[in-house]
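Please read the structure below before turning to the comments.
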Amino acid sequence: MKHGNEGIKITDVRVITDRILRHGKLEIALSVPGFKGNPFVSEEIGLDAEFLSPSGKKLTMPGFWYQDFLRELKPLDEAARLGEQRGISGLASDNEKEPQGMEVLTPRGEPEWRIRFAPTEAGAWKYRILLKIKGELVDSAEGSFTAEESDSPGFVRIEPSCKRHFMFDNGELYIPIGENVCWWTSPTRKAYDYDVWFGELSKHGGNFARLWMATWGFGLVWSETPVDDYTNRLDRAYLLDKVVELAEEKGIYLMLCILNHGQFSAKTNPEWEHNPFNMKNGGYLNHPSEFFTNELAIKHFKDRLRYIVARWGYSTHIMSWELWNEVNWTDGYDGKVVNDWHSKMALYLKELDPYKHLVSSSSALLEDPVQEVAELDFINLHAYGLGNWCLDIPKHQKRQIKLYDKPVLFCEMGVDWRGGTSTRKMDPEGIHIHQGLWAGVMGNGAGTGMTWWWDSYIHPANLYYHFKPIRIFVDRILKAGSVPAEIPEEGWKLSDEGAGLYGYQCGDEFFLWVFDKDYTHKTEQPRLFQDVTLELAATDGPFEISWFDTWNGEIMQKETLMASGGRLSVKMPAWNRDLAAIVKRTD
């Protein structure tokens, strides 16, 4: 043993999870007395647990440094109440019907090491914890546990047969329906914002949310921390623990964005002035662009990824890691250099993460070099101010599919990038939200279009009701039990050229969305469509047609018709804006 490593050992190992379920969280606490270095630097200390499954498979999960807290929502004093509306990078809610107060975190006990793991099989497991100090194995500890069976569908994957959709480990499809909910905005109740937002989203059928590890939110590193020491932000990590647990409880799957562009920009949403990587703040980078090539920066970021995987990688409700939000806005953006960085970081994540969560990244541009990175699992699109959401979202999704043969998820959308208040003035009813939800799913995307202004538009205008109808329709698609296949343009015909259609076939069922091609949030009076005939390519026989109201989620009417000569001809009910249909063979 190297000199100086004597006496450093693993002690006080204890499983702190009461009931261990397949794909649930197993948590182990332990101590490493004698270690006096930086617990966040893997070259100084490496703590890993090797888990052996009942079937003989081995999975390895790193450990992480943890501080426990007592979390409370205390009554507001008058000074806090007066300042609440200022908000943190957004609009804070003062709705008296919601929980209001001051979120207070009080450290509880001493920091310690934790290991979190999700057993992938039911049955008897064994584990071995390995402790390395500066690369030398100095101690180990062994244990065992039994995981009970559960109804968890597992982690989110890419559906392998057509590569257009997501699916769980058990083979069930997952179609994301949701919004961006990237950080808390209340300066008082802080992360308790999510109890309100996730509660409403889940109640109305949402199953997806995008979170940022923003510097003013869940970020592990910023001005009060060195680049390689997260001690002063372990409270932020604890809050993210609670939000992940809340998402698990509410059936919401999270895209966790690790870096946002402003951290490495002095121009666009600039934060570079306060970045601890900045040489002016005691760091070692002269320019933001050096983050992608500097070897020490890459090493420190890999350690951050290691911590993130160790702490939150256990969760099946982490739908994916997102390396960057809109990386093209970083100063000195060089697509070739940034793509090389993405390739390396995505590969590192997949080597480190025993569950192989999906990995993506994003640009503000609908076509950007980052989309070419083969190691990224799906295309992540952002767009604001598109002229016609019904036509434009499917157009861009289909183009990306054609180029890269990957699922496409429209992860940010809105009519106005400048703010939720201006967006609400432009579209008080949320028409573009409705169209983005439906066009995202039905226009060959992997999920809905994800609206951005959660705090200043969706929530204060109470626009959550838009999520429920698309969730009901998606559940019907999932119930069909087969992978949706896009209906080609030659497979349908509408008698009115002003109407458009996107649809899927699942076995002997068809799922259709028909829309007014000219209708947007700017349209003063929607057109009434009457006497429109739909022709659908179908095998001869009886079909039940259920007309679905896309605004309230109810069936408008049903009828049974016969297909003959390979075509089903249907006279549509009168409609405006859009409607949907479920066409099912009945013999």
Would you call [X] and [Y] a side-chain contact if the rule is heavy atoms closer than 4.5 Å?
X: P176; Y: Y253; value: no
X: M413; Y: L386; value: no
X: R304; Y: L259; value: yes

Worksheet entry | Given H357, K406, K350, the one that forms side chain to side chain donor-acceptor pair (under 3.5 Å) with D377 | K350

Can we say [X] and [Y] salt-bridge, meaning some charged N sits less than 4.0 Å from an Asp/Glu carboxylate O?
X: R210; Y: E412; value: yes
X: D392; Y: K395; value: yes
X: K517; Y: D578; value: no
X: D241; Y: R116; value: yes
X: E486; Y: R164; value: no

Near-ring test [Y]/[X], centroid separation under 6.0 angstrom:
X: F301; Y: W341; answer: yes
X: F515; Y: Y502; answer: yes
X: W452; Y: Y384; answer: no
X: W212; Y: W454; answer: no
X: F511; Y: Y504; answer: no

Worksheet item: Between W183, W184, F218, which is the residue that forms a ring pair (Phe, Tyr, Trp, His ring centres under 6.0 Å) with Y194?
Response: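 Among W183, W184, F218, the one meeting ring pair (Phe, Tyr, Trp, His ring centres under 6.0 Å) with Y194 is F218.
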
Practice prompt. List the steps and the verdict of side-chain hydrogen bond (donor to acceptor under 3.5 Å, both in side chains) for H459 and Y464.
Written response: CA-CA 7 Å; H459 190 67; Y464 293 102; 2.8 Å; yes

Worksheet item: F145 vs F51 aromatic rings, parallel, tilted or perpendicular, using cut-offs 30° and 60°?
Response: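 F145 vs F51 ring planes: perpendicular.
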
Item to complete: Would you mind telling me which of V244, L254, I318 makes a side chain to side chain contact (heavy atoms under 4.5 Å, CB included) with L211?
Response: L254

